[in-house]
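Comments concern the structure below.
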Amino acid sequence: MSDEVMPQGLWTGDYYNEGAGRIDPFDTLREECGVFGVFGHAEAASLSYYGLHALQHRGEESAGICVAGGEDFNYHRSMGLVKEVFDRDKLASLKGDRSIGHVRYSTSGDSKLTNAQPLIFKYRDGDLAVATNGNIVNAPKIRRELEQSGSIFQTTSDTEVIAHLIARSSKDFVAAAKDALSQLVGGFAFLLLTNDKLIAASDPNGLRPLVMGRLGDAYLFSSETCAFEVVGAETIREIQPGEMLVLDRDGMHEERYAPAGRKALCAMEYIYFARPDSDMNGSNLHASRKRMGQVMAQESFVDADVVTGVPDSSISAAIGYAEQTRIPYEMGLIKNKYTGRTFIQPSQELREQGVKMKLSAVRKVVEGKRVVMIDDSIVRGTTSRRIVNLLREAGATEVHVRITSPPFKNPCFYGIDTPNRDELIASYKSIEEICQEIHADSLEFLSPKGLIQAVDGGNAGDYKGGLCMACFDNDYPTQTDFDGEEKFGCTC
Ligand code: SF4
């Protein structure tokens, strides 16, 4: 295995097998990427470093920052966590007052430094850097057409198509970017940097989050507001579906490259991916998850002695469930944050060991108790079964599982790494069958209506509360097949 394909900052607790690639003993969904941009601050690289550090949960495989200041770009990208990729000297070498940065997770086949972002290009009008979060569903089709007409791609990342579309245009950069963005179908948040401009753009459905902030006179952009808190910036607003903000020495220009489609922010951002201290659509994520737990309790109460949440993402919902039911909330499960990297062969026995390395049941809390275990989703079912077993081995007399999302039945085409449809347990088993499979005493899922109610309080009036819920209801906000081909997951 060469250095280039060996992910040095492999997600802690994963197994890596040369033949099989990454194997996740937790059987969880993965966010694919996070982006952070700065326009007009002398410490652009340092701000990006701290911003990306706050977005580390969105991608742990590679990190990069590209800075514009002088005539040429300064940039550094590498495999690994943000703190491993950058040190004081590297940051000091990234001089300039405009930057875009990226953290990335990808499937193992794409674990190459050449795919680490920002992607950097030289073209007719100068330098271009591209950072994105999400997935362009029609990228394979566009790429095929571009290659047939002579384009030579440098990476296997489909993000590169936007650079080729811009480079082939005879229009000025802003018009070319508009034309390029309007050809893309999917869920994406783009940051584009040239020698004198920064563009921030969101897909026509606003599937992936992108928010603008201010720090003094500087403009900042981030996948999540938690990164603004870290650098002391103020959140201004979200980038709207189909919107494109252009920043140059004359200030910020609000443009639109496409009419806004049906608003459809990824529901899994609320349920699981985003940090609880982030806000989306004006709602704090911790508060939204607490409401999910409260609504869940109203929909499917079960009498028990303690409520516990699977750390970290389900703790807020477990607190909400406990508040609503008045059953005490307890830390029945503890996550070990210091498991280190485990480059070991994934035998079944070692996989089980891997789960125990990352998560433990607290015997003194659950022994002899009827436990309500709150989790955010069930993907293949193997993780849920292991966690239920952990609680039983620690002495729980009953384990009632409550999931704060509807059954996950369909793959994601918009940047979330999901298994094939036939590997998603809810696509081929009933709730009763899943309950048996995971060894639970009872199992209930949050209803779609309950999820919408918890996220926006039922006030927004948008179709489905302005959420994409396609992985639950198969109602995708965009076309998903091109030339008879469906490509889901992440290609950024
Ligand atoms: S399909 Fe599911 S995971 Fe993908 S964007 Fe829609 S809600 Fe999010």
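We count ligands from 1, going down the list as the structure has it; atoms in each ligand are counted the same way. By convention here, the first residue in the shown sequence is residue 1.
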* **Flag if over 12 foreign heavy atoms under 6.0 Å of CD, Glu229** => no
* Please, which pairs that meet salt bridge (charged side-chain N to carboxylate O under 4.0 Å, His left out) have at least one residue in residues 238-247, sequence neighbours excluded? -> Arg237-Glu243
* Could you pull out the N/O/S protein atoms under 2.8 Å of atom 4 (Fe) of ligand 1, ignoring any water? => Cys412 SG
* Asked: Given Val372 and Arg402, is the side-chain contact (heavy atoms from CB on, under 4.5 Å) satisfied, shown in steps?
  -> CA-CA 7 Å; Val372 181; Arg402 295 292 179 269; 3.9 Å; yes
* **Student check: side-chain heavy atoms of Lys197 and Val246 closer than 4.5 Å** => yes
* Geometric class of the His164/Phe153 ring pair [parallel <30°, tilted 30-60°, perpendicular >60°] -> parallel
* Do side-chain atoms of Ser99 reach the backbone of Gly37 as a donor and acceptor pair under 3.5 angstrom? -> no
